[in-house]
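The structure appears right after this line, and notes come after that.
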Amino acid sequence: MRSNQISTKYNPLKVEKKWYNYWMRKKFFKSVPDARQPYSVVIPPPNVTGVLHMGHILNNTIQDILVRRSRMLGKNVCLVPGTDHASIATEAKIIAKLSKEGICKNDLTREQFLEYAWNWTRKYKKIILEQLKKIGISCDWDRTCFTMDKQRSKSVIKVFIHLYKKKMIYRSFRMINWDPVAKTAISNEEVIYKEQSGKLYYIKYKIVGENNYATIATTRPETIFGDTAVCINPNDKKNEYLKGKKVVVPFVNREIPVIEDDYVESEFGTGCLKITPAHDINDYILSKKYGLGILNIFNDDATLNKYGLQYEGKDRFFVRTEIEKDLNALGLIKEVKVYKNKIGFSERTNVPIEPRLSVQWFLAMKKLAKPALEAVMTDKIQFHPSRFKNIYRHWMENIKDWNISRQLWWGHRIPAYFLPEGDFVVAETQKKALVLARKKTGNSGLQLSDLQQDESSLDTWFSSWLWPIVVFNGINKPNNKEINYYYPTSDLVTAPDIIFFWVARMIISGYELRQKPCFHNVYFTGIVRDKLGNKMSKSLGNSPEPLDLINHYGADSVRLGLMLSSSIGNDIFFNEICCEQGRNFNNKMWNVFRLLKGWQVADTEQPESSTISILWFRTQLSLTIRRMNYSFSKYRISEALMNIYKLFKDDFSSWYLEIIKPKYGQSMDRKTYEVTLDFFDSLLRLFHPFIPFITEELWQFLKIRKENESIMFSTIPKVNFSENWLITEKMEEAKEIISNIRAVRLKKNISNKEKIVLQIIGSYKLDYASVIINMANLSDIEMVEKRPNGAVFFLVKTTEYAVAIRRNIYTKEDLDKLKNTLQYYRDFLSHIQVKLNNKNFVSKAPVKIIEFEKKKKIDAESRIKSLEKIITSLNNG
RNA sequence: GGGCAUUUAGCUCAGUUGGUUCAGAGUAUCUGCCUUACAAGCAGAGGGUCGACGGUUCGAAUCCGCCAAUGCCCACCA
């Protein structure tokens, strides 16, 4: 193959498609338990709400890097893909879609709605899985799961029953967060608090039997219909006049008592608080404490019910503005202040949540949390970066019972069956429920039709929290070979915003259901943001379509670009330029391949410069492998990538290849050629986890490969213990000389093509002359007694040398520069001298450091001497 | 109100055990090159009181304290 017949531009699309198909066809991602060490990862199942965004690309790239590397380290890798039904989020999407078609959820039966939901799910599941494949992710696709497929659903119900039997799941009448748009309860974690600018209304309640008023301060005047008391602090002097009195609620004219409790802060507002037990958690607590009545004034869509009198059927916010007017008309508003407070919004529908009393299902968390907390605090499960431990601990130590029921249709229906008398039984199926019910009631005449299944569904996280177990069918068959082999899984890669929703609960379920951690490491990615720092999301429309990026740059380029700009735990500010950088790099790799393939090989002698650079590069390679191993052990993936990236671009391409490259028309010696191919092979293998496609392509064509061979199953190169530091040091010196000579060429307008002579004053032995001659395009290096005519001098370490050419290129500017350099070294020397004269330094610093300072001193002295000599010489010339 | 994190070149960020890769990378900028692998490239250059102040230390970008700005998490002040 002649190199010039291959395109100079790498075309990723064809290549990526070809190799992904090849890997799939050969079932290279497949994993079955065997004698090797397992390395299992479950991907965070994307929601079937829509297509993937940049966060998914980042997340899945990281996972794929980790698993591909582990595969190449000889482990039995199993990466399990799947999707999440995302109960509330998907249901909201479907309702939105239906409403566009003029269909209202209430017009449909549960079954009809679910049919829509399944169609939706099928559609997006397919798109999502295809997108994942485009990224190059090496999942065992035969294992693809869905949180609501048969096996998973069965597992979820089993777990529910298990926890119910242990009395950890219970049904209770409580104040919960109510989403009035989705018309469902949601958990505390689904409430997002945002600061809002609102008003604080000072409303006068007439004191019974007096011509005086109590003034209460509230942000929610529309709730006065639900007031059952007014509360003051018992030590509040200014409100003492209210003690033991009764006041009248405006409009309703209900008489309510004034009670006293420490909870009220005298300094806030008027120090007088209205108690609305049905719509505020604190008021509810007080009402229970003092035996006050509870009045629910809202319908489930947050319009007022009949207790709202003339406002019945009106929305809460509309009523708020109306009631302000109406109270004003009655002269009952003392004042209205602008007030900022935090209001809870529903994560999904983004409407203010309404605290509401309701019967829901809860999971008791305190006991469950204990082993899960301990596991993370003792690093049995390691968080990367570790600072997330604190966040986790705080949540776990203050954990509240989890409201797991939702008034939604799309999800796992709660397996509770109500009997005609209101009692209920919990069972896996309706048939089993009937058996239980007959037994419980003693009524053998009960029929299936007498049982009414709970209408609610389970929180979507109640299925995803079982993910690492259920993907291996560990609930239905707790002792199957797969779960015993793959569980605990190795790493979890996820975004920190679902640490409570998902990560913490998975750890909890892992200990409860399998008495083991569900994974060993958790890697928290950053959040992908746009240039302005906004989180990239579909709704904001600031996220590029990942497929467009992949089609434009290639998956390897997108992967590379993302990883180069994302350090662990930090948010990444995505800029498409990074994909360009990735593409450019891949193109470089492609061209290295073209170069290698274009060489003519002959049995000639190896040039000295090649011998040297091979030894040098071998050390650099080994050093890089060590650094990468270290970085990976700390999960610093970008750092690992940066190491190999620089090695490839700088050391390998710019130096090594340029040194060994034969001149035009000449052949390369076989020995160097073989070694170079091996180097390239190693580089490809080190790169493979990051950029799987191009590395496979080049690796396959670098040498003749066997049938069924793939770089996927080659090994990560090992550290070479014959690292040679002396060569590295000398090579660095040679590189510096070469760079200096190049700089002189540029400055003095000497063409790179023109061969020049390097002259060295004195008897200094220059190492690696052959490399310098080659790379700086010298015709010769000469040793001279004194300054050659018109040459410019530079210093490298203790060497003094000159670039001498036929023209006079010396100027006053050059001399000034040398003088400045001299001054720099004189200052430097005196600085070291002060340090060495410091008794404290000499007595306290380690010997090694003192020796180093002395060495620096000698070096500086030598440079000063040389510079003085050269400057004198120049002045005389 | 409590907690966590961030602040280093115009921009985006590395910098592990205090000294020996210590002030670094990518990108942008400027200069010169269409050099037989690559212009999606090569070579070279400029650019930073390491947020402020104080402390510990022989020695601080690094450790401690305090302050400032920014971001995130948690929390029932109506």
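Residue numbers start from 1 in every chain, and the chains themselves are labelled A, B, ... in the order their sequence lines are given, proteins ahead of strands.
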Mind checking the OH-CD spacing from A:Tyr392 to A:Glu397? Nearest 0.5 Å is all I need.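 Reported value, rounded in 0.5 Å steps: 11.0 Å.
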
Protein heavy-atom contacts under 4.0 Å, written 5' to 3' over nucleotides 14-23 of chain B as B (base), S (sugar-phosphate only) or - (none), form the string S-B--BBB--

Whichever of A:Lys646 and A:Leu746 has its nearest RNA chain B nucleotide further upstream toward 5':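 The residue mapped nearer the 5' terminus is A:Lys646.
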
Please determine whether a side-chain nitrogen of the Lys or Arg among [X] and [Y] lies less than 4.0 Å from a carboxylate oxygen of the Asp or Glu.
X	Y	result
A:Arg220	A:Glu222	yes
A:Lys634	A:Glu639	no
A:Glu658	A:Lys661	yes

Base-pairing assignment for B:G59 (Watson-Crick or G-U wobble, both under 3.5 Å):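 Check on B:G59: unpaired, no WC or wobble geometry under 3.5 Å.
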
Candidates [options] - which lies nearest the side chain of [X]:
X	options	result
A:Lys588	B:U36, B:C58, B:G41	B:G41
A:Lys342	B:A25, B:C74, B:G41	B:C74
A:Tyr664	B:A37, B:G44, B:U36	B:U36
A:Gln581	B:A5, B:U27, B:C58	B:U27
A:Glu265	B:A78, B:A40, B:A5	B:A78
A:Glu658	B:U36, B:C38, B:A43	B:C38

Kindly indicate whether a cation-pi arrangement holds for A:Lys194 with A:Phe345, taking the cut-offs as under 6.0 Å to the six-membered ring centre and within 45° of the axis.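 Judged by the rule (NZ or CZ under 6.0 Å from the ring centre, within 45° of its axis), A:Lys194 counts as positioned above A:Phe345.
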
Indicate yes or no: at least one non-hydrogen side-chain atom of A:Pro12 is less than 4.5 angstrom from one of A:Asp556.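 Of all side-chain heavy-atom pairs linking A:Asp556 with A:Pro12, none is under 4.5 Å.
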
